[in-house]
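So that the names make sense, note that chain A is the first sequence line, chain B the second, and so on, each numbered from 1. Any value given below was found using the heavy atoms of this structure, including those in side chains, with hydrogens, waters and symmetry copies removed.
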Amino acid sequence: MLDTRKCDVCHNIGIFGKWYQLKTIMDQPGQNNCVSCRVKSLAVETLNSQELSVLQTNCAGARYRKGELIFRQGNLSSQITYVKTGLVKIHKQGPSREQILMLVKSPRFIGIPTILGNKIYQYSASAVESVEICCIDTDIFKTMILRNGKFANEIINGLCKDELRFFERSINQMQKQLHGRIADALLYFSEEIFESDDFIMPLSRAELGDFVHASRESVTRVLSALQRNGCIDIKGKKIHVLNHYLLQTISQKG
DNA sequence: GCATTAACCACAG
DNA sequence: CTGTGGTTAATGC
């Protein structure tokens, strides 16, 4: 089933269940207008004008620069955060090392499990690129879930997709060895995050290591091995996928 | 045993 | 922050 509504900003057609793309115009900082917001989530789109104005008086926008912490594991959560633009990493300190659990492409809610489950953040979120977010008051958010079934439904849809994606990634991480995991990560960036064969890797080698559960040196080695066999071309942070098929094979065979 | 995989350490741009 | 090389421990054939 396709949702053929067009985004009035970038004119991309939204695929059913997927947030609209947004590549340009943002609301002015500090001047929140939920009614005219260009990056409403599917959930927020189900709200009527009265609910929207309630939302508007209970949320605030903020900007974070590359590398800044949005919230920290162990802190008390006070509001739910909606990422309007930019890329965010969800990470957690494990017993031995830091692990990047997932990358979140905007626009998207983060931190819902914390609000509805444990009040203490069980993980941290940081800006990978410069990021714009909206903070919504927890109680208002909960009230909307209780009162508005459609809103709740969209929220649940989002959480389910997250979980499925996470299961998929878990299998990859657990059953593949390094070459496969890195090939996976490259495909993930190329296909899901940037939707292009040419992109600028926003993570450092060390962060990429945290993402695929490997040391920074190993990441470097595998990357240059992939370059040697003509899979990809690397110039610093610029990555060009030359042979998608080969990359997929490596990803599948581990 | 020998080969492979990947982490750790050290050093150099 | 990155790339390389040497070393080492674990695992597989």
With sugar-phosphate taken as primed atoms, P, OP1 and OP2 and all else as base, the protein-contact string of nucleotides 6-13 of chain B at under 4.0 Å (heavy atoms; B, S, -) is SSBB----
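One interatomic measurement links the two molecules: CD of A:Q227 to P of C:dT2, which rounds to 15 Å at whole-angstrom precision. Atom NZ of A:K235 and atom P of C:dG3 are 14 Å apart (whole Å).
Judged by distance alone, the side chain of A:S251 and the main-chain N or O of A:L247 form no donor-acceptor pair under 3.5 Å. Here the side chain of A:E207 pairs a donor or acceptor atom with the backbone of A:S204 at under 3.5 angstrom. Side chain of A:S106 to main chain of A:R108: no donor-acceptor pair is present (N/O by atom type, distance under 3.5 Å, no hydrogens or angles).
Cation-pi geometry between A:R181 and A:F211 is not met at under 6.0 angstrom from the ring centre and within 45 degrees of the axis.
For A:F141 and A:F151, the gap between ring centers is short of 6.0 Å.
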Take A:L203 and A:F189 through the test side chain to side chain contact (heavy atoms under 4.5 Å, CB included) and record every step on the way to the result. CA-CA 11 Å; A:L203 301 180; A:F189 278 105; 3.7 Å; yes
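A salt bridge does not link A:K66 with A:E129: none of the charged nitrogens is closer than 4.0 Å to a carboxylate oxygen. A salt bridge links A:K105 and A:E195; the closest N-O separation between the charged side-chain nitrogens and carboxylate oxygens is under 4.0 Å.
Taking side-chain N and O atoms only, A:K237 has no distance below 4.0 Å to OP1 or OP2 of C:dC1.
Within residues 199-212 of chain A, the residues that have a heavy atom under 4.0 Å from DNA chain C are, in order of number, A:S204, A:R205.
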